[in-house]
Amino acid sequence: MVTVRFIRLTEPMAMEALTWRYPPPFDFYNPPDEITPEMIAALLSDVSPQFGVFDEQDRFIGIVSIGIDAQVPGGDYAEPATDIGIGLRPDACGRGLGRRVIAAFMAFLEDQHGTGTYRATIADFNQRSLKTFLALGFTETTRFTTNRDETPQEWVIVQKPAS
């Protein structure tokens with residue numbers, strides 16, 4: 001079992017994460033090549049806290065977030081819930097870490113804030129992520145479509161009620 005810990009994202013972590021590049025079709029998540037001060041500031045904002053994920057060897061393996069940064073414009077977020085997002089380092093993807101990181105992150109949030117309803121928004125092509133959330137007891141609540149660079153993208157919102 002992989003043990004992970006979470007610490008508030010720092011500027012060096014944000015800089016590193018902005019260099020991560022994913023292979024197709026996950027290159028959809030790649031940030032622009034030019035890192036701007038605004039991109040760093042967004043990752044470090046208190047409005048939507050982000051945390052670095054470290055494994056038992058103290059390697060920086062991902063980022064998790066809560067709040068508006070985990071939402072996609074166009075989705076229906078009217079119902080109260082804690083929105084969560086995850087981004088693992090490209091070489092950490094597809095190894096079963098996502099499920100452990102998300103479960104540990106929800107436990108971390110419960111320790112900090114008590115139990116609550118969790119929600120995640122996932123690109124529908126990202127079946128790997130969708131299966132991970134569903135395996136953790138999330139259920140699909142709605143779908144919606146956005147247009148990014150004139151390309152339609154369907155999104156799935158999943159939710160897990162408070163325990």
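Scope of the values below: all heavy atoms of this structure, side chains included, with no hydrogens, waters or symmetry mates.
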K.L.:
Give a yes or no on whether E34 atom CD has more than 12 heavy-atom contacts from other residues, nucleotides or ligands under 6.0 Å away.
P.N.:
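No.
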
K.L.:
If every non-hydrogen atom of S48 is compared with every non-hydrogen atom of G67, which pair is closest and at what distance?
P.N.:
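Taking S48 first and G67 second, the nearest heavy atoms are OG-C, 3.5 Å.
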
K.L.:
As an exercise, state the distance from CZ of F54 to CZ of R59, rounded to the nearest 0.5 Å.
P.N.:
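Output value for this atom pair is 12.0 Å.
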
K.L.:
Under the criterion side chain to side chain contact (heavy atoms under 4.5 Å, CB included), which of I61, V101, T3 is the partner of D55?
P.N.:
I61

K.L.:
How far does CD1 of I63 sit from CE of M13, to the nearest 0.5 angstrom?
P.N.:
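I63 CD1 to M13 CE: 8.5 Å, rounded to 0.5 Å.
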
K.L.:
Ignoring hydrogens and angles, write down the donor-acceptor pairs under 3.5 Å from the side chains of residues 90-98, residues two or more places apart or on other chains.
P.N.:
| from | atom 1 | to | atom 2 | distance (Å) |
| --- | --- | --- | --- | --- |
| D91 | OD1 | R89 | NE | 2.5 |
| D91 | OD1 | R89 | NH2 | 3.3 |
| D91 | OD2 | R89 | NH2 | 3.4 |
| R95 | NH1 | D91 | O | 3.0 |

K.L.:
When Ile, Leu, Val, Met, Phe, Trp and Tyr are grouped by side-chain heavy atoms lying under 4.5 Å apart, directly or through other members, which residues fall in the same group as V47?
P.N.:
I68

K.L.:
Would you sort out whether I40 and I35 count as a side chain to side chain contact (heavy atoms under 4.5 Å, CB included), showing the intermediate values?
P.N.:
CA-CA 8 Å; I40 300 290; I35 299 171; 3.9 Å; yes

K.L.:
Mind telling me whether F51 and F108 have parallel, tilted or perpendicular rings, with 30° and 60° as the class edges?
P.N.:
perpendicular

K.L.:
I'd like to know whether V156 forms a side chain to side chain contact (heavy atoms under 4.5 Å, CB included) with F138, so could you lay out the CA-CA distance, the side-chain angles of the two residues, the decisive distance to 0.1 Å, and finally the verdict.
P.N.:
CA-CA 11 Å; V156 181; F138 284 72; over 6 Å; no

K.L.:
To the nearest 0.5 Å, what is the distance between CD on Q153 and CZ on F125?
P.N.:
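Q153 CD to F125 CZ: 5.5 Å, rounded to 0.5 Å.
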
K.L.:
Under the ring pair (Phe, Tyr, Trp, His ring centres under 6.0 Å) rule, collect the residues that match up with Y22, sequence neighbours excluded.
P.N.:
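Scan of Y22 (ring pair (Phe, Tyr, Trp, His ring centres under 6.0 Å), adjacent residues dropped) gives none.
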
K.L.:
Which heavy atom of Y118 sits nearest to which heavy atom of M106, and what is that distance?
P.N.:
OH-O, 3.4 Å

K.L.:
If you look only at pairs with a residue in residues 132-142, which of them pass as a side-chain hydrogen bond (donor to acceptor under 3.5 Å, both in side chains), with sequence neighbours excluded?
P.N.:
E140-R143

K.L.:
Evaluate E11 against L43 for side chain to side chain contact (heavy atoms under 4.5 Å, CB included), listing each step before the verdict.
P.N.:
CA-CA 8 Å; E11 187 171 337; L43 288 173; over 6 Å; no

K.L.:
F105 and side chain to side chain contact (heavy atoms under 4.5 Å, CB included): which partner among V4, I84, V53?
P.N.:
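So the option named by the test is I84.
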
K.L.:
Are W20 and F26, when compared by the centres of their aromatic rings, separated by less than 6.0 Å?
P.N.:
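Judged by ring-centre distance (under 6.0 Å), W20 and F26 do not meet the cut-off.
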
K.L.:
Minimum heavy-atom separation for P31 and M39, please, with both atom names.
P.N.:
CB-CE, 4.0 Å

K.L.:
Please collect all side-chain hydrogen bond (donor to acceptor under 3.5 Å, both in side chains) contacts where either partner lies in residues 67-80, sequence neighbours excluded, each pair once.
P.N.:
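For residues 67-80: Q50-D69, Q71-D83, Y77-T121.
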
K.L.:
Can you list the residues that meet the salt bridge (Lys or Arg N to Asp or Glu O under 4.0 Å) rule with D58, with sequence neighbours excluded?
P.N.:
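D58 satisfies salt bridge (Lys or Arg N to Asp or Glu O under 4.0 Å) with R5 only.
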
K.L.:
Provide the closest heavy-atom pair for G85 versus A70 in the form atom of the first, atom of the second, distance.
P.N.:
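Shortest heavy-atom separation between G85 and A70 comes out as N-CB, 3.6 Å.
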
K.L.:
Nearest 0.5 Å, please: how far is CH2 in W155 from CG in N126?
P.N.:
9.0 Å

K.L.:
Treating Ile, Leu, Val, Met, Phe, Trp and Tyr as nodes and any side-chain heavy-atom pair under 4.5 angstrom as an edge, say whether V158 and L109 lie in one connected cluster.
P.N.:
yes

